[in-house]
Amino acid sequence: MGEISFEGRVAIVTGAGAGLGKTYALELARRGAKVVVNDLGGARDGSGASSSAADQVVDEIKQAGGQAAPNYDSVATIEGGANIVKTAVDNFGKVDIVINNAGILRDKSIVKMEEQEWDLVMAVHLKGAFCVTQPAFKVMKANGYGRVVNTASGAGLYGNFGQINYSSAKMGVLGVMHSVHIEGAKYNIKANTIAPIAASRLTEDVMPPEIFAKLDPKFVTPLVIYLVSEENQDSDMIFNCAAGWFSRTAIMCAPGTIIGDGVGDISAEQVQEQWSKITSLDEAKVLTGGVNDSFGYLAPLMTGGLSTGPKK
Ligand code: NAI
């Protein structure tokens with residue numbers, strides 16, 4: 001296997017002024033990519049702004065002989081996303097790679113969560129992924145090439161106390177991934193999602209120091225670099241990664257069971273009777289054809305076939 005190169009590629013890394021994003025930006029540039037280093041430069045809770053975080057990473061890349069341009073927009077608005085992509089196109093002529101990484105925290109238990117904390121976290125993580133990916137997708141589609149990585153979290157995939165806003169936003173980025181995967185397939189645009197665990201300002205007070213010390217962000221970087229490379233041909237996948245652990249996780253659908261004949265009424269008691277079959281994950285599989293694949297399970301109940309929905 002040859003060395004993975006990003007010569008001729010243009011990458012956008014959001015939230016690249018610190019933590020995980022910084023490692024992606026440095027490594028992409030080291031391997032030849034021209035990198036837009038986006039960072040709002042605010043605090044962990046999303047307040048404030050500063051150009052210094054992005055500037056420092058751009059300086060570091062340039063000092064090492066790489067090419068980079070800073071951008072200080074928030075990912076959380078349509079204008080911000082458009083401007084981030086414009087920075088790539090104006091400076092480097094195109095965009096091949098988007099790593100949606102920018103993130104903040106506003107943790108509260110469900111009963112204490114305020115509307116503003118919900119909205120802000122959704123805006124940065126979920127709307128931000130859309131705001132940056134949409135304009136980038138247009139450029140990628142025109143060029144017939146693209147690689148997108150979104151950042152979820154175990155808190156979204158599996159749940160966590162005190163993070164209803166963050167968990168919901170992080171699950172939401174799977175929707176962004178699915179859409180880019182499905183709508184980008186014929187343009188060689190691939191989208192994947194990572195759920196990392198790494199030492200950063202987001203996690204410094206939530207982990208015991210001895211565990212924090214073992215979670216260097218550099219252990220996540222290689223997976224992300226591979227996923228945004230030309231070599232990677234996989235799309236619509238979700239990965240756990242931390243400290244050298246790499247694992248695929250997935251949303252799966254089990255065949256379950258069929259009750260009734262699709263005409264007569266079904267009772268709650270029949271559902272109760274079949275509960276072990278309904279809840280069984282035996283023979284569950286990933287639906288690689290999107291939601292239309294799930295219609296296949298209904299086939300025995302259907303005559304005349306199902307519409308597969310509008311194609312645009
Ligand atoms: P970090 O706080 O070190 O880096 C996040 C960067 O995003 C910061 O430099 C911040 O200024 C920037 N940012 C925040 N809001 C922004 C906005 N609106 N526009 C542009 N930039 C903005 O955090 P870390 O740990 O490196 O997190 C990176 C991503 O990984 C985040 O999406 C986070 O939710 C996710 N993640 C991290 C985990 C961890 O264990 N560190 C666990 C699971 C997910």
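For this chain, numbers begin at 1 and follow the sequence in order. Read the numbers this way: they start at 1 and go in the same order the structure lists the ligands and their atoms. None of these values were measured; they are calculated from a predicted model.
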Q: Can you report which non-hydrogen protein atom sits closest to atom 27 (O) of ligand 1, along with the distance?
A: Leu202 CD1, 3.6 Å

Q: Would you say Pro217 touches ligand 1, if touching means a heavy atom closer than 4.0 Å?
A: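 For ligand 1, residue contact (heavy atoms, under 4.0 Å) with Pro217 is absent.
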
Q: If you measure every N or O of Met207 against every N or O of ligand 1, does any of those distances drop under 3.5 Å?
A: no

Q: Among all protein heavy atoms, pick out the one at the shortest distance from atom 4 (O) of ligand 1; state its residue, atom name and that distance to 0.1 Å.
A: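 The closest heavy atom on the protein side is Ala18 O, 4.1 Å.
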
Q: If hydrophobic clusters are built by linking Ile, Leu, Val, Met, Phe, Trp and Tyr wherever their side-chain heavy atoms come under 4.5 Å apart, do Val228 and Val98 end up in the same one?
A: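 Shared cluster, no.
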
Q: Just wondering, more than 12 heavy atoms not from Glu283 lying within 6.0 Å of its CD?
A: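 No, CD of Glu283 has 12 or fewer neighbouring heavy atoms, counting only those of other groups under 6.0 Å.
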
Q: List every atom of ligand 1 that sits less than 4.0 Å from any heavy atom of His125, numbering the atoms from 1 in the order shown and giving each element.
A: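 Near His125, meaning under 4.0 Å from one of its heavy atoms, ligand 1 has 32 (O), 34 (O).
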
Q: Are Gln116 and Asp119 linked by a side-chain donor-acceptor pair shorter than 3.5 Å?
A: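 No.
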
Q: For ligand 1, is Ala198 a contact, meaning one of its heavy atoms is under 4.0 Å away?
A: yes

Q: Could you name the option among Ser153, Pro196, Gly81, Ser200 that has the heavy atom nearest to atom 42 (C) of ligand 1?
A: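 Ranked by closest heavy atom to atom 42 (C) of ligand 1, first place is Pro196.
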
Q: Looking only at non-hydrogen atoms, which of Asn101, Asn240, Thr14 approaches atom 29 (C) of ligand 1 most closely?
A: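 Answer by nearest heavy atom: Asn101.
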
Q: Taking distance alone, with no angle check, do Gly21 and ligand 1 share an N/O pair under 3.5 Å?
A: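 No, Gly21 has no N/O under 3.5 Å of an N/O on ligand 1.
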
Q: For ligand 1, is any non-hydrogen atom under 4.0 Å from Thr203's backbone (N, CA, C, O), its side chain (CB onward), both, or neither?
A: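 For Thr203, the contact with ligand 1 is made by the side chain alone.
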
Q: Go through the side-chain N and O atoms of Asn100 and Thr133 and say whether any donor and acceptor fall under 3.5 Å apart.
A: yes

Q: Counting only heavy atoms not in Lys141 (residues, nucleotides, ligands), do more than 12 fall under 6.0 Å from its NZ?
A: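 No, not enclosed.
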
Q: Of the protein's non-hydrogen atoms, which lies at the shortest distance from atom 6 (C) of ligand 1, and what is that distance?
A: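 Checked against all protein heavy atoms, atom 6 (C) of ligand 1 sits closest to Gly15 O, 3.5 Å.
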
Q: Check each atom of ligand 1 against the heavy atoms of Thr151 and keep those under 4.0 Å away; list them by number with element.
A: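 Near Thr151, the atoms of ligand 1 are 29 (C), 30 (O), 32 (O), 35 (C).
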
Q: Only heavy atoms of Ile197, strictly under 4.0 Å: list the atoms of ligand 1 that pass.
A: 40 (O)

Q: Give the residue, atom name and distance (to 0.1 Å) of the protein heavy atom nearest atom 14 (C) of ligand 1.
A: Gly103 O, 3.4 Å

Q: Check whether NZ of the Lys or CZ of the Arg Arg9 lies under 6.0 Å from the centre of the six-membered ring of Phe92 and within 45 degrees of that ring's axis.
A: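 That pair does not qualify as a cation-pi contact.
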
Q: Just wondering, are more than 12 heavy atoms of other shown residues or ligands nearer than 6.0 Å to NZ in Lys86?
A: no

Q: May I ask you to decide whether Asp216 forms a salt bridge with Lys214, counting only side-chain N to carboxylate O separations under 4.0 Å?
A: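 Answer for the salt bridge query: no.
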
Q: Count the heavy atoms of every other residue, nucleotide or ligand shown that sit under 6.0 Å from NZ of Lys22, and state whether that count exceeds 12.
A: no

Q: State plainly whether the residues Lys112 and Asp107 are in salt-bridge range, i.e. N to O under 4.0 Å.
A: no

Q: Who's closest to atom 15 (N) of ligand 1 heavy-atom-wise, of Ile104, Val132, Asn150?
A: Ile104

Q: Hey, is CD on Glu210 packed in by over 12 heavy atoms from elsewhere, all under 6.0 Å?
A: yes

Q: Is any N or O atom of Val75, backbone or side chain, closer than 3.5 Å to an N or O atom of ligand 1?
A: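 Yes; the residue has a nitrogen or oxygen that sits under 3.5 Å from a nitrogen or oxygen of the ligand.
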
Q: Could you list which atoms of ligand 1 come closer than 4.0 Å to a heavy atom of Gly19?
A: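 This gives 3 (O), 26 (O) as the contact atoms.
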
Q: Could you check whether any heavy atom of Lys170 sits closer than 4.0 Å to an atom of ligand 1, since that is the contact criterion I want to use?
A: yes

Q: Below 4.0 angstrom from a heavy atom of Asn38, which ligand 1 atoms are there? Numbered from 1 as shown, please.
A: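 By the 4.0 Å cutoff, the relevant atoms are 20 (C), 21 (N).
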
Q: For ligand 1, indicate whether the residue Leu40 contacts it via side chain, backbone, both or neither (heavy-atom separation under 4.0 Å).
A: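 Within the 4.0 Å criterion, Leu40 contacts ligand 1 through backbone and side-chain atoms alike.
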
Q: Which atoms from ligand 1 have a heavy atom of Ala152 less than 4.0 Å away?
A: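 By the 4.0 Å cutoff, the relevant atoms are 43 (C), 44 (C).
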
Q: Taking Glu204 first and then Arg201, would you say they form a salt bridge - that is, a charged N and a carboxylate O separated by under 4.0 Å?
A: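 No, this pair does not count.
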
Q: Can you tell me which portion of Asp73 lies within the under-4.0 Å heavy-atom range of ligand 1? Options are side chain, backbone, both, or neither.
A: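 The answer is the backbone.
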
Q: Just to check, does Gly41 reach to within less than 4.0 Å of ligand 1 when the distance is taken from its heavy atoms?
A: yes

Q: In terms of hydrophobic clustering (I, L, V, M, F, W, Y; side-chain heavy atoms under 4.5 Å; direct or indirect links), are Val173 and Trp118 co-clustered?
A: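 Yes; tracing contacts between hydrophobic side chains, which count when under 4.5 Å, links both residues.
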
Q: Do Ile84 and Val58 sit in the same hydrophobic cluster, where Ile, Leu, Val, Met, Phe, Trp and Tyr count as joined when their side-chain heavy atoms come under 4.5 Å apart?
A: no

Q: For His181 and Ala191, work out which heavy atoms get closest and say how close.
A: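 In this case the closest contact between His181 and Ala191 is N-CB, 4.1 Å.
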
Q: Who's the nearest protein heavy-atom neighbour of atom 9 (O) of ligand 1, and how far?
A: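 Going atom by atom, the protein heavy atom closest to atom 9 (O) of ligand 1 ends up being Asp39 OD2, 2.6 Å.
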
Q: Write out the residue and atom name of the closest protein heavy atom to atom 36 (N) of ligand 1, then the distance separating them to 0.1 Å.
A: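 Looking only at protein heavy atoms, the one closest to atom 36 (N) of ligand 1 is Tyr166 OH, 3.5 Å.
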
Q: Among all the protein's non-hydrogen atoms, which is closest to atom 10 (C) of ligand 1, and how far away is it?
A: Arg201 NH2, 3.2 Å

Q: Among all the protein's non-hydrogen atoms, which is closest to atom 18 (N) of ligand 1, and how far away is it?
A: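 The answer is Ser74 OG, 3.0 Å.
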
Q: Verify the cluster assignment for Tyr187 and Val85: are they in a single hydrophobic cluster under the rule of side-chain heavy atoms below 4.5 Å apart?
A: yes

